[in-house]
Amino acid sequence: MPAPQCASCHKARAALRRPRSGQALCGSCFCAAFEAEVLHTVVAGRLLPPGAVVAVGASGGKDSTVLAHVLRELAPRLGISLHLVAVDEGIGGYRDAALAAVRRQAARWELPLTVVAYADLFGGWTMDAVARSTAGSGRSRACCTFCGVLRRRALEEGARLVGATHVVTGHNADDMAETVLMNFLRGDAGRLARGGGLGSPGEGGALPRCRPLQLASQKEVVLYAHFRRLDYFSEECVYAPEAFRGHARDLLKMLEAARPSAVLDLVHSAERLALAPTARPPPPGACSRCGALASRALCQACALLDGLNRGRPRLAIGKGRRGLDEEGPPREPQPSRPLTSEPVPDF
């Protein structure tokens, strides 16, 4: 049976049916519709004002690659400038290949690139070193906890280094739905209360941060990358199989099979969630050590690093954080090297 005609241009043959609407579109019309929807998300949400210097969190994966490409297409209409910021977590056999993809993207799109490394920012700690410290082997379920907190801090530091006024990340609708599920399953009311909306306004001195792809499904992100022939890194992190997020992802797939709208339903439920006054988290303050936004005396990044330097890496995870008040001789941290902006290679 021949493919139907594109429902938008009525000229080309349809190349796909959109997962959400079932509309038959050719590749060009789908990409144009996808970009228009991201533009609407940014403009309607007032996420990136004209003149903004935007640090794009670039991991080399499909989501950040699609985000960078779409924002580059939309930048003249939005009146913004872009700077790619990549984070080197120090994961042997994985991150080097992903960073190579980021460098190719930066060179091809003529975008400035800055790479910041955990080792430089966090006293010599890399994710491989964290994994050895937490489990005595290459993997641990705690790895993603450390990496999520430290990556957020590293991206913020990299954005400040390049003079950015805003930070954007490539989280799509599936990512956000998984996060909502995880917070429900863990009973984490504080994170549920902070999980709605398209980003954070930048309270407490933090840079405003947003997710322009939050309403785009993972399937459509992959389709956009395919039709635009984008070059991205597709290997899974070596520590990801141990993460709790994998269980939420499997559950979400089953829910979506039974109810196709489950992903966006979860995303919108987080936006509308209201907690009783007694269940709301206290207003954030400043970390006593680094000055970053924190809900306790130490921000999560400093608390995790404190546990690592004390030789008690699980000290700041879950209920163990109460032990932060205990005295104990910390390990001597390794000296940090100054942050430098990495030039884009000529290839």
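Treat the numbers as computed from the prediction; the structure is a model and nothing was measured.
With sequence neighbours excluded, no residue forms a side chain to side chain donor-acceptor pair (under 3.5 Å) with H166. For D265, the side chain to side chain donor-acceptor pair (under 3.5 Å) partners two or more places apart in sequence, or in a different chain, are R259, S261. Every residue meeting the side chain to side chain contact (heavy atoms under 4.5 Å, CB included) condition with L264, not counting sequence neighbours, appears here in chain and number order: R20, A173, L215, H268. Every residue two or more places apart in sequence or in another chain that forms a salt bridge (charged side-chain N to carboxylate O under 4.0 Å, His left out) with E37 is listed here: R18. Partners of R245 under the salt bridge (charged side-chain N to carboxylate O under 4.0 Å, His left out) rule, at least two apart in sequence or in another chain, are E178. Residues satisfying the salt bridge (charged side-chain N to carboxylate O under 4.0 Å, His left out) criterion with R228, sequence neighbours excluded, are E35. Applying the ring pair (Phe, Tyr, Trp, His ring centres under 6.0 Å) criterion to Y94, with sequence neighbours excluded, gives F233. Not a single salt bridge (charged side-chain N to carboxylate O under 4.0 Å, His left out) links R77 to another residue, sequence neighbours left out. Every side chain to side chain contact (heavy atoms under 4.5 Å, CB included) that A129 has, sequence neighbours left out, goes to W125, T126, R132.
The two residues V85 and G158 make their nearest non-hydrogen contact at CG1-CA, 3.9 Å. Residues N172 and A216 approach most closely at CB-O, 3.3 Å, considering heavy atoms. The shortest non-hydrogen separation linking T169 to P212 is O-CD, 3.9 Å.
Using a 4.5 Å heavy-atom threshold, the side chains of K219 and E256 count as touching. Taking the side chain as every heavy atom from C-beta outward, L84 and T114 never approach each other to under 4.5 Å. Between L252 and V263, the closest side-chain pair of non-hydrogen atoms falls below 4.5 Å.
The stretch residues 40-53 participates, sequence neighbours left out, in no side-chain hydrogen bond (donor to acceptor under 3.5 Å, both in side chains) pair at all. Within the structure, every pair that satisfies the ring pair (Phe, Tyr, Trp, His ring centres under 6.0 Å) test and touches residues 63-82, not counting sequence neighbours, is listed here: H69-W109, H69-Y224.
Under a 3.5 Å cut-off, the side chain of S133 and the backbone N or O of V130 do not form any donor-acceptor pair. Between the side chain of D174 and the main chain of Q218, a donor-acceptor pair closer than 3.5 Å is present. At distances below 3.5 Å, not a single donor-acceptor pair connects side-chain atoms of Y118 with backbone N or O atoms of A154. With S64 contributing its side chain and S59 its backbone, the two residues share a donor-acceptor pair below 3.5 Å. With hydrogens and angles disregarded, a donor-acceptor distance shorter than 3.5 Å links the side chain of S288 to the backbone of A297. Here the side chain of D306 pairs no donor or acceptor atom with the backbone of C302 at under 3.5 angstrom. Between the E89 side chain and the M127 main chain, no donor and acceptor come within less than 3.5 Å of each other.
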Stepwise side chain to side chain contact (heavy atoms under 4.5 Å, CB included) test for V53 and I80: CA-CA 6 Å; V53 179; I80 61 175; over 6 Å; no
Test log, rule side chain to side chain contact (heavy atoms under 4.5 Å, CB included), inputs V267 and V180: CA-CA 7 Å; V267 173; V180 174; 5.9 Å; no
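Counted by atom type alone, D128 and Y239 present one or more donor-acceptor pairs between their side chains at under 3.5 Å.
Residues L39 and V168 share a hydrophobic cluster, clusters being chains of Ile/Leu/Val/Met/Phe/Trp/Tyr side chains in contact below 4.5 Å.
Atoms CG and CZ, from L223 and R17 in turn, are 14.0 Å apart once rounded to the nearest 0.5 Å.
Under the 30°/60° scheme for interplanar angles, the aromatic rings of F244 and H247 are found to be tilted.
Taking a cutoff of 4.0 Å between a charged side-chain nitrogen and a carboxylate oxygen, D88 and R95 do not qualify as a salt bridge. Ion pairing between a basic and an acidic side chain is recognised when a charged N comes within 4.0 Å of a carboxylate O; E156 and R152 show no such pairing.
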Result block: side-chain N/O donor-acceptor pairs under 3.5 angstrom for residues 21-28, not counting sequence neighbours:
residue: S21; atom: OG; partner: Q23; partner atom: N; Å: 3.2

